[in-house]
Amino acid sequence: MQVTAMHFKRKASENLRNEKLQKALEKLQTKFVDGRAVAIAELPNFGEVRDAAAEIRDKVIRSLDRYLLRFEQEATARGAVVHWAETTEDVNRIVAEIAHQHGVHRIVKSKSMVSEECGLNDALETQGLEVIETDLGEYILQLAHEPPSHIVAPVVHKSKEDISDLFEEKHQRPRTVQIAELCREAREVLRPGFLSADMGISGANFIVAETGSVLIVTNEGNGRLTTTLPRVHVAITGIEKVVPTLEDVTTLLRLLPRSATGQSITNYVSVLTGTRGKDESDGPEHFHVILLDNGRSKLLGTELQPMLRCIRCGACMNHCPVYQNIGGHAYGWVYPGPMGSVLTPSFVGLENALDLPNASTFCGECAVVCPVKIPLPDLLRHLRTRQVQQHLRPWQERVALRLWSWMARRPALYALSTRIAARLLRIFSGSEKRFHYLPGVTGWTDERDMPAPAGRTFRDLYRERHSS
Amino acid sequence: MRVGLFVTCLVDLMRPGIGFAALRLLEAAGCEVVVPAAQTCCGQPGYNSGDQKAAKALALKVLKEFDGCDYVVLPSGSCAGMIRVHYPALFKDDPSVIESIKRLSARTYELTDFLVNVVKLQNVPGRYSGSLTYHDSCSGLRELGVQAQPRTLLAMMPGVNLTEMRESTTCCGFGGTFSVKFGDISARMADNKCEHIRATGAGAIVAGDLGCLMNIEGRLRRRGDLETRVLHVAEVLAGENGLCK
């Protein structure tokens with residue numbers, strides 16, 4: 001997928017002024033934030049489950065190679081073929097090869113953010129393959145030719161009216177604004193696709209080392225149709241998604257839906273193991289699992305390693321006051337919000353996403369809600385430190401900071417200059433005692449007044465009182 | 001009990017009354033208060049902007065200045081969080097100072113936390129009459145667990161009528177340099193906060209961090225609200241109707 005993270009500021013400003021988007025984003029608070037709070041409150045030992053979940057993820061990441069090889073061994077033993085993809089191009093090439101090998105024409109897909117990372121649909125379409133997204137949100141986006149703006153609710157930026165308009169135009173059917181009717185319409189359009197597809201592509205929420213299984217959690221049932229009806233199933237996922245045992249999965253599943261959508265469990269939890277057996281009526285004849293690196297292994301052994309714990313619940317973005325106000329598209333790649341602000345620079349290059357690590361107030365709510373205890377603000381701060389070390393910050397900012405710290409280490413000079421600044425600013429602020437415009441900090445004064453200093457510093461006043 | 005008061009650079013420059021209010025509260029609690037004269041900044045602007053070197057230099061300066069104090073108290077959850085939580089992280093690979101940094105961080109407190117949990121203040125010296133609403137500043141809340149403490153203290157004042165706003169724990173959008181780098185996002189967050197404040201009908205918005213207060217005040221005034229008072233919790237607790245000279 002094309003990276004437009006360098007346009008973060010401009011896009012964020014546009015989105016702040018987009019009233020339709022603003023209205024759509026109100027869902028985040030009621031649906032996701034309040035919903036999660038209720039679902040978490042139902043779990044009496046939430047803290048302990050969270051500790052256990054983080055430990056499971058950490059244990060895997062500490063021995064990632066071992067668990068991946070075990071997965072490959074177990075999956076292979078059950079008839080699957082495991083492919084290792086270092087880059088997104090590798091994924092696209094491998095999927096195209098599998099398609100050609102099996103004479104595939106039509107592909108149905110369930111939701112996969114890793115496939116978004118790869119730009120898989122475009123790559124397959126240039127090979128003459130037909131790709132149909134079947135997750136309702138992803139299907140809507142495919143019709144609208146838009147990227148997802150959220151990792152769990154990809155179409156959260158749209159209102160139901162937007163979707164009614166889109167369906168009316170693309171399906172050529174009478175317009176309806178009833179959500180149930182819209183769902184029925186999508187189901188009717190998609191059903192023939194499921195029945196005629198030669199290949200199903202899914203992501204994976206987890207892959208299980210002890211059984212070689214691919215596990216997906218879904219709400220719509222499309223995931224189960226995609227992975228069991230076509231004769232070929234290809235699951236694509238990141239190498240960090242491996243979990244040692246099914247028992248471990250049950251721990252993580254107590255947190256994933258609760259954190260993501262406020263559900264105690266999703267409508268479907270599918271554990272997909274091996275190909276269709278001799279006496280079985282369901283399942284694919286061919287099962288391929290593609291494991292993508294694309295920069296993940298580079299995080300191992302670095303300060304950013306905790307990011308690999310991520311189970312893609314989206315709680316960090318749902319609770320991020322920046323995301324809540326600007327939506328996901330501003331972040332300019334597959335993964336938005338706090339987790340995206342760590343992953344995007346890590347995967348596409350620090351220099352290609354300069355704003356993202358800085359686009360946080362460090363309010364800390366993301367770390368509070370993360371089900372696997374990723375210290376997101378610390379990771380963002382680490383990326384800021386790397387930006388400074390690699391001289392990627394603007395010179396004005398570097399000079400300002402250097403000057404500030406140089407002064408702050410010289411108390412006499414600092415006292416004098418703050419005394420002068422406090423006086424002058426107080427005088428220039430006039431009778432209102434605040435500024436409507438202040439050169440150098442127009443980012444502040446464009447939409448806010450700047451309160452003026454009282455006129456004398458604490459240090460001066462304190463010395464005066466204590467010398468008299 | 002010898003308490004070092006770190007007024008913070010923002011209070012020193014912008015609103016010294018908060019420093020005097022903190023001083024009055026600590027003295028009312030029976031503390032012997034010292035105010036090291038050479039104090040400047042805790043280093044947080046450098047730390048959060050990725051300049052670890054600058055942050056470390058200032059942290060070592062703070063360490064030296066407050067060496068003789070039993071406690072270090074700041075009228076700011078953000079700066080107290082910097083010393084308590086982030087100084088040890090900053091020096092984790094520096095065995096020569098890590099032990100003294102840990103001792104400093106362990107005896108550093110945000111003002112209301114100190115008053116409630118360490119000195120267990122029973123009577124606050126200020127007088128206040130009116131309605132107010134409280135904004136929970138992010139670092140104080142999430143790094144230090146400051147939430148009940150200011151409310152406990154405000155509840156000791158018979159004239160205070162506290163009305164909670166919606167989403168009182170949501171960030172106001174300040175975030176230090178974020179407020180200038182991403183001015184329009186920051187202002188929108190402040191605007192949401194102003195809306196929640198307005199909905200309470202309170203006569204004053206109170207918080208424990210001057211950065212947040214300046215941000216909220218700036219947006220309130222720009223929206224045309226010249227009435228709602230914007231006060232630091234220390235000013236309410238120590239002053240005559242929020243004024244501490």
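Order of the sequence lines sets the chain letters (A, B, ...), proteins ahead of strands, with each chain counted from 1.
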B/I18, part contacting chain A, at a heavy-atom distance under 4.5 Å: neither
Per-residue contact mode, B/R221 against chain A (heavy atom under 4.5 angstrom): both
Interchain contact, B/C172 with chain A, by part (heavy-atom threshold 4.5 Å): neither
Under 3.5 Å donor-acceptor, B/T40 side chain and A/A408 backbone: yes
Sidechain-backbone polar pair: A/D449 side chain, B/R219 backbone, donor-acceptor under 3.5 Å: no
Any donor-acceptor N or O pair under 3.5 Å, side chains A/R381, B/N48: yes
Side-chain (A/K9) to main-chain (B/K181) donor-acceptor, under 3.5 angstrom: yes
SB check B/E217 A/R448 (cutoff 4.0 Å): no
Region of B/A37 that comes under 4.5 Å of a non-hydrogen atom in chain A: backbone
Which atoms of B/K61 approach chain A - backbone, side chain, both or neither, heavy atom under 4.5 Å: side chain
Test log, rule ring-ring contact (aromatic ring centres under 6.0 Å, His included), inputs A/F362 and B/F178: CA-CA 9 Å; A/F362 285 162; B/F178 175 88; 9.5 Å; no
B/R222 with A/E447: basic N within carboxylate O range, under 4.0 Å: no
Under 4.5 Å from a heavy atom of chain A, the part of B/S186 involved: both
Lys NZ or Arg CZ of A/R384 over B/Y47 ring: under 6.0 Å, within 45°: no
Portion of B/V180 that has a non-hydrogen atom of chain A nearer than 4.5 angstrom: both
Note: B/D51-A/R402 ion pair, threshold 4.0 Å (strictly below): yes
Stepwise side chain to side chain donor-acceptor pair (under 3.5 Å) check, B/R188 with A/Q22: CA-CA 11 Å; B/R188 175 62 60 86; A/Q22 292 298 319; 3.3 Å; yes
